[in-house]
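Below: one structure, written as C-alpha cells.
Within every chain, numbering begins at 1; the chains are lettered A, B, ... in the order of the sequence lines, protein sequences first and strands thereafter.
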There are 2 protein chains.
Amino acid sequence: MGTRDELVESARELLWERGYVGTSPKAIQQRAGAGQGSMYHHFAGKKDLALAAVRRSAEELLAAADEQLRTPGTAVERISAYLRREREVLRGCPIGRLTQDPDVIADPQLRAPVDETLTRVRARLAEVLDEGREAGELSASLDTAALAATIVAVLQGGYVLARAAGSPEPFDQAVSGVLALLAAH
Amino acid sequence: MGTRDELVESARELLWERGYVGTSPKAIQQRAGAGQGSMYHHFAGKKDLALAAVRRSAEELLAAADEQLRTPGTAVERISAYLRREREVLRGCPIGRLTQDPDVIADPQLRAPVDETLTRVRARLAEVLDEGREAGELSASLDTAALAATIVAVLQGGYVLARAAGSPEPFDQAVSGVLALLAAH
DNA sequence: GTCTATAATGGGATAGAC
DNA sequence: GTCTATCCCATTATAGAC
C-alpha cells in the first residue's frame, strides 16, 4: 500500500466525516502519516486529491448498489434488499453529503462524479422497476424513472433525518414507509 | 431593523449557502455591513449567532409547513400541496443542510433545533395522515409515523438529488413518485 | 519521493479607545 | 454600541535541501 493510496483513503474518510470545506490538506496528511512534501508530490493540491478520493468512493457506492440489485428475486425484493442492507446510517452517504458542500457544487469538476453517481443509481433502480413492471409485478402505469428518484431520495433524506435525530430510527421508518407503499402494488 | 437583526439575517443566508463550517464571522459581518465590535457586542461568538439564526429559520420552516398542511382538502391533497409548493430547490433546505455539518452534529446545542424542527414536521405530517386514515381515505393498516418519515425524507433527499444534478428535475420526479404511490391508496 | 522552511491569507476572538 | 488594533493559530500552498 503506497503513500499515494493512504492519502486517498485518508481523504475519503475526512470528506465523508467533514466534507470538502471542513477538510484541510494538513488533516489529510496527518491521518495518512505523510508530510506536506509527499502530498504535493503525488497531487496538485487539495482539489486534485479530493477528486481522486471522490472517484474512488463513487465506484464503491455503485458496486455496492449493484450487488444488492443483481440478487435473485422480484423487483420489490431486490429493492428491499438494497434499502435494508446494513448501513452506517449516522455517518450518512459519502457521495450525497458532498451535495451540501458549496465548493463542490460550485466546481463542475468536483460536482461531476457526484452527479454521475446518483444519476447512475437512479438509472439502475429504474431498470429493476422496469423489469418488475414487465413481469406484471408492478402496475403498468407507474413512472419508473420518477419512482427510482423517490427511492434514492428516501435513502438520502433518511440519512438527513437520522443525523438530525442522532438515531437511525427515522431512517428505518422512512424505508419501511416507502416499502409498504411499494408492496401494495 | 436593528444591527442585531441584520447580523441574524446575514448569518441565516450564509448558513444556508455555505453551512456552519463554511461560514466565517467576518463574512457574516461584511454581508450585514457591521464591524467586528458590533457582532461581538450582540453575540458571544460565532456559535451564539448561529444559534439565533438557526432558531429563526426553524420557526419559518415550521410556519410554512403548517400553512400548506392546514388548507382544506383531503389528507393526500394537503400533503400534495405541501410537497408541491414553490421551493428554491437548488438552494436546498436551510435546516436539513445543517445535518451535514460536523460541528453542528457534534454540538448538542446546535443540533437540538435541527432535530426538533424535523421531528415536528414529521409529527405534523403524521397527524394529517391519521386524519386521512380515520376518514377512510387511507388504508387502516398504514404506519403513519413511518409514512411521515418517508415524505420528509423524499423532500430532503430530493434536494440532494437536485443539487447533484444542478437541476430541480429529480426533486420533482421524487415528489411525483411518492405522490403516485400515495394516490393509489 | 520526502523533508523542513517560509509565506500570504483568513479564522475567531479579545482589548481598549471613542 | 461601534470602531480599530492586535493576537494566535490554521489554511494552502511554494521552494529548495536531502
Side-chain angles (χ1 to χ4, degrees), chain A residues 1-56 97-98 100-111, chain B residues 1-56 97-98 100-111:
Chain A
M1 180 91 64
T3 299
R4 199 197 136 94
D5 248 49
E6 278 160 16
L7 283 164
V8 172
E9 283 306 308
S10 167
R12 290 216 299 148
E13 289 166 20
L14 282 165
L15 286 175
W16 194 356
E17 282 171 30
R18 306 195 43 84
Y20 186 79
V21 166
T23 297
S24 70
K26 182 187 245 178
I28 297 173
Q29 293 152 25
Q30 284 175 341
R31 186 175 291 218
Q36 300 248 95
S38 185
M39 183 191 126
Y40 284 100
H41 170 73
H42 291 291
F43 300 95
K46 176 181 176 177
K47 176 179 158 182
D48 187 36
L49 172 47
L51 214 40
V54 172
R55 290 199 178 116
R56 201 174 205 302
R97 73 106 55 238
L98 297 172
Q100 302 305 325
D101 224 301
D103 292 6
V104 170
I105 295 306
D107 185 320
Q109 284 193 77
L110 284 171
R111 183 168 67 80
Chain B
M1 180 91 65
T3 299
R4 198 195 137 94
D5 249 49
E6 277 161 17
L7 283 164
V8 172
E9 283 307 306
S10 167
R12 290 217 299 149
E13 289 166 21
L14 283 165
L15 286 175
W16 193 355
E17 281 172 32
R18 306 196 42 85
Y20 186 80
V21 167
T23 297
S24 69
K26 183 186 241 176
I28 297 173
Q29 294 151 26
Q30 285 175 341
R31 184 175 292 217
Q36 299 249 95
S38 184
M39 182 190 128
Y40 284 100
H41 170 73
H42 291 290
F43 300 95
K46 176 181 175 176
K47 176 180 156 182
D48 187 35
L49 172 47
L51 213 41
V54 172
R55 291 200 178 115
R56 200 173 207 305
R97 72 106 56 240
L98 296 172
Q100 303 303 326
D101 225 300
D103 292 6
V104 170
I105 294 306
D107 185 321
Q109 286 193 77
L110 284 171
R111 183 167 67 78

Which residues pass the salt bridge (Lys or Arg N to Asp or Glu O under 4.0 Å) test with A/Arg55, sequence neighbours left out? none
With rounding to the nearest 0.5 Å, note down the distance linking [atom1] in [X] to [atom2] in [Y].
X       : Y        : atom1 : atom2 : answer
A/Gln36 : A/Gln30  : CD    : CD    : 9.5 Å
B/Arg18 : B/Glu13  : CZ    : CD    : 14.0 Å
B/Tyr20 : B/Asp103 : OH    : CG    : 6.5 Å

Residue list, side-chain contact (heavy atoms from CB on, under 4.5 Å) with A/Ile28, at least two apart or on another chain: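 Here the qualifying residues are A/Leu7, A/Ser10, A/Ala11, A/Leu14, A/Thr23, A/Leu49.
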With sequence neighbours excluded, tell me which residues meet side-chain contact (heavy atoms from CB on, under 4.5 Å) with A/Arg12. A/Val8, A/Glu9, A/Ala53, A/Arg56, A/Ser57, A/Glu60
For DNA chain D, which nucleotides open and close the run of contacts to chain A, 5' to 3', at under 4.0 angstrom from a non-hydrogen atom? D/dT11 to D/dT14
Got a sec? Which of residues 25-53 of chain B come in under 4.0 Å of DNA chain D, heavy atoms?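 Heavy-atom contacts with DNA chain D come from B/Gly35, B/Gln36, B/Gly37, B/Ser38, B/His41, B/His42.
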How would you list all residue pairs meeting salt bridge (charged side-chain N to carboxylate O under 4.0 Å, His left out) that involve residues 45-54 of chain A, not counting sequence neighbours? A/Lys47-A/Asp107
